[in-house]
Amino acid sequence: MSFINQSSITSMTKARRAISFMQTEPRLRRAYFDCRYGQLHMRYAIPAGGGFDEATTLLCLPGAPGSGRFFAPLLLPLGRDRSVYAPDLPGCGESDGGAEALSSAETAEALGDFLDSMHVRQVDLLAHEGGVQIAVALLQQRPTQIARVVLSPDTDAVRSEARSLRHPSLVIDLRAADERAHGGSEFERQAAQLREFLGLA
């Protein structure tokens, strides 16, 4: 007759938890995708399960300087149940761009190229600062493809923009998403608020 001591049971339990945690955490990646201005550099998260039963895709639209790096802290908490994409906008960061600075409408068209190439049927938008006008342009170009919209920061101008939308919208101040400048508790609160609004509470 064999016996398993308590320390062995504890070790096995910890190992199972670690494996379970690894299986539920999203995979974080970087890649390039084609658009009409060349290639878009993208940071993204994919659910661990592979994505067949995931929630609506989330596209993150940064403000100046147009780098998706701003959304990097949110990829992990928001990517557990859905694909989340945070591009460097055309002509910004590591993305190719046009010969001249692009308008919000032209940038939206380039992001539309990406959505088409990925065969995304429906998408939620998360836009910060200058990304708000790109989100508005995308809503005008693809009104039936956009589900929900989150706009930041929480200013009078952004709240006014949100009130004019026909889509479900949330106004939040994502400047606290930068953990280096703010406490982790505020970041966790905002991530939870986003997950609840986007249907992932």
For [X] and [Y], work out which heavy atoms get closest and say how close.
X    : Y    : value
L138 : I146 : O-CG1, 4.3 Å
P62  : L89  : O-CD1, 3.6 Å
R80  : P26  : CG-CD, 3.7 Å

Are there over 12 heavy-atom neighbours, none belonging to R121, within less than 6.0 Å of that residue's CZ?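 At most 12 heavy atoms, drawn from other residues, nucleotides or ligands, come within 6.0 Å of this atom.
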Ring-plane angle category for F70 and H128, please: parallel below 30°, perpendicular beyond 60°, tilted otherwise. parallel
Answer whether the closest heavy-atom distance between the side chains of [X] and [Y] falls below 4.5 Å.
X    : Y    : value
I172 : F197 : no
L126 : L194 : yes
I134 : L111 : yes
R148 : L125 : no

Can you pull out every salt bridge (charged side-chain N to carboxylate O under 4.0 Å, His left out) where at least one residue sits in residues 126-144? Sequence neighbours excluded, please.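 Output for this query lists D116-R142.
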Quick check: does any side chain N or O of [X] sit under 3.5 Å from a backbone N or O of [Y], one acting as donor and the other as acceptor?
X    : Y    : answer
R82  : T56  : yes
T57  : S83  : no
D96  : Q39  : yes
Q133 : G130 : no

Should side-chain heavy atoms under 4.5 Å link Ile, Leu, Val, Met, Phe, Trp and Tyr, which residues sit in the same cluster as L102?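 Joined to L102, directly or through intermediates: Y37.
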Tell me every residue that passes side chain to side chain donor-acceptor pair (under 3.5 Å) with R30, counting only those two or more places apart in sequence or in another chain. H41, E94
In Å, rounded to the nearest 0.5 Å, how long is the span from OG of S152 to CD of Q190?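 Interatomic distance, S152 OG to Q190 CD, rounded to 0.5 Å: 7.5 Å.
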Any carboxylate oxygen within less than 4.0 angstrom of a Lys/Arg side-chain nitrogen, looking at D88 and R43? yes
Side-chain heavy atoms under 4.5 angstrom apart, residues restricted to Ile, Leu, Val, Met, Phe, Trp, Tyr: same cluster for V171 and L59?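 V171 and L59: one cluster.
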